[in-house]
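These notes concern the structure reproduced below.
All of these numbers come straight from a predicted model, not from anything done at the bench.
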Amino acid sequence: MIGVGKIKQYSNVLEKPLSKGKQEVSLSAFAFLFSELVQYNQTQVDNIAELERRLEDAGYAVGARVLELLCHRDKGNRRETRLLGILSFVHSTVWKVLFGKVADSLEKGTEHEDEYMISEKELLVNRFISIPKDMGTFNCGAFVAGIVRGVLDSAGFPSVVTAHFVPMEGQQRPRTTILIKFAEEVLRREARLG
């Protein structure tokens, strides 16, 4: 029983193995990098719609990689095949990995069968953003909408995903709603799987 209960002593701090840590990024580092992403793209476009599209495209690449990582790490390379399963996966697992908590709400649209909404009271990408008056309705949530679209498209659920501000009574800042409108083929497949 030699060595049982003994902790290995390292003579040099450089010999110690690195711990995995919490796998988190500093909020200030993220805010700085995201600010630079927005500012760079702002210099490349002429209008707000184009800026939001570029942010969404950047988010799409992130979303595709996040799905690949999470399916490999947590699901043994399996992915969701049902509509409610993938929505729940995005609402809980993906959101928790990206933002440290589950999204505030996931709702089905009341007017259209193919619409779902993920709402967040204070979306991280909008938290430190002050929008100039000349930019009006600019929403940095387009980046998160791109992430959601990247996850859904890569999982085989083509959709149009947009970010919208929704005013809330008694609150200074509006909440952000990510609106997901699935392609007709997704609804037909879901009806077949019944």
Side-chain angles (χ1 to χ4, degrees), residues 22-67 69-70 86-112 115-154 157 159-182:
K22 291 172 90 176
Q23 304 290 325
E24 291 182 359
V25 174
S26 162
L27 184 58
S28 59
F30 172 77
F32 174 73
L33 286 174
F34 187 71
S35 169
E36 289 298 313
L37 175 70
V38 172
Q39 288 177 33
Y40 171 76
N41 283 305
Q42 192 175 0
T43 63
Q44 306 295 312
V45 299
D46 296 327
N47 58 41
I48 295 168
E50 183 67 18
L51 177 58
E52 287 180 343
R53 189 198 59 75
R54 288 180 69 115
L55 288 177
E56 185 182 339
D57 290 346
Y60 184 91
V62 172
R65 287 170 177 83
V66 164
L67 176 70
L69 173 72
L70 292 178
I86 194 69
L87 284 169
S88 177
F89 176 72
V90 170
H91 169 261
S92 58
T93 307
V94 171
W95 222 262
K96 193 165 190 173
V97 166
L98 294 176
F99 304 115
K101 69 180 195 76
V102 175
D104 291 341
S105 69
L106 171 63
E107 304 167 22
K108 183 174 176 42
T110 55
E111 296 176 14
H112 302 285
E115 289 184 350
Y116 290 83
M117 296 169 277
I118 298 175
S119 294
E120 186 69 40
K121 188 186 259 186
E122 193 171 330
L123 191 62
L124 181 66
V125 296
N126 287 331
R127 186 179 300 168
F128 304 109
I129 300 293
S130 56
I131 301 169
K133 296 281 186 208
D134 64 327
M135 294 188 77
T137 61
F138 173 63
N139 189 342
C140 287
F143 180 73
V144 177
I147 292 174
V148 171
R149 188 171 65 89
V151 168
L152 293 174
D153 278 1
S154 298
F157 293 86
S159 55
V160 175
V161 184
T162 53
H164 305 276
F165 283 127
V166 177
M168 293 174 40
E169 286 186 33
Q171 297 288 329
Q172 180 181 351
R173 297 177 67 104
R175 76 174 183 207
T176 303
T177 298
I178 306 297
L179 179 65
I180 305 164
K181 186 172 178 62
F182 287 101

**Q.** Any donor-acceptor pair under 3.5 Å from H164 side chain to T177 backbone
**A.** no
Closest non-hydrogen atom pair, [X] against [Y]:
X: T137; Y: E52; result: O-OE2, 3.6 Å
X: A142; Y: A163; result: N-CB, 3.7 Å
X: R175; Y: S119; result: NE-OG, 3.9 Å
X: V125; Y: C140; result: CG2-O, 3.5 Å

Q) Considering residues at least two apart in sequence or located in another chain, which fulfil the salt bridge (Lys or Arg N to Asp or Glu O under 4.0 Å) criterion with E107? A) none
Kindly compute the distance separating [atom1] ([X]) from [atom2] ([Y]), expressed to the nearest 0.5 Å.
X: I86; Y: I180; atom1: CD1; atom2: CD1; result: 10.0 Å
X: L51; Y: N139; atom1: CG; atom2: CG; result: 10.5 Å
X: T162; Y: M117; atom1: OG1; atom2: CE; result: 11.0 Å
X: I178; Y: L106; atom1: CD1; atom2: CG; result: 12.0 Å

Sequence neighbours left out, cut at 3.5 Å: what donor-acceptor pairs do the side chains of residues 144-154 make with other protein atoms?
| residue | atom | partner | partner atom | Å |
| --- | --- | --- | --- | --- |
| R149 | NE | E56 | OE2 | 2.8 |
| D153 | OD1 | S159 | N | 3.4 |
| D153 | OD2 | Y60 | OH | 3.4 |
| S154 | OG | G150 | O | 2.8 |

More than 12 heavy atoms of other residues, nucleotides or ligands under 6.0 Å from [atom1] of [X]: yes or no?
X: D46; atom1: CG; answer: no
X: F30; atom1: CZ; answer: yes
X: K181; atom1: NZ; answer: yes

Contact between [X] and [Y] at the side-chain level, heavy atoms closer than 4.5 Å - yes or no?
X: L124; Y: R127; result: yes
X: M168; Y: K121; result: yes
X: V38; Y: F138; result: yes
X: F182; Y: L87; result: yes
X: E120; Y: F99; result: no

**Q.** Residues in side chain to side chain donor-acceptor pair (under 3.5 Å) contact with T110, at least two apart in sequence or another chain
**A.** none
(Q) So, using side chain to side chain donor-acceptor pair (under 3.5 Å) as the criterion, who are the partners of Q42 when residues are at least two apart? (A) none
(Q) Could you walk me through whether F165 and N126 satisfy the side chain to side chain contact (heavy atoms under 4.5 Å, CB included) test, starting with their C-alpha distance in whole Å, then the side-chain angles of each, then the deciding distance to 0.1 Å, before giving a yes or no? (A) CA-CA 10 Å; F165 283 127; N126 287 331; 3.6 Å; yes
Q: For F143, enumerate each residue passing the ring pair (Phe, Tyr, Trp, His ring centres under 6.0 Å) test, keeping only those at least two apart in sequence or located in another chain.
A: F34
Q) By ring pair (Phe, Tyr, Trp, His ring centres under 6.0 Å), which residues pair with Y40, not counting sequence neighbours? A) none
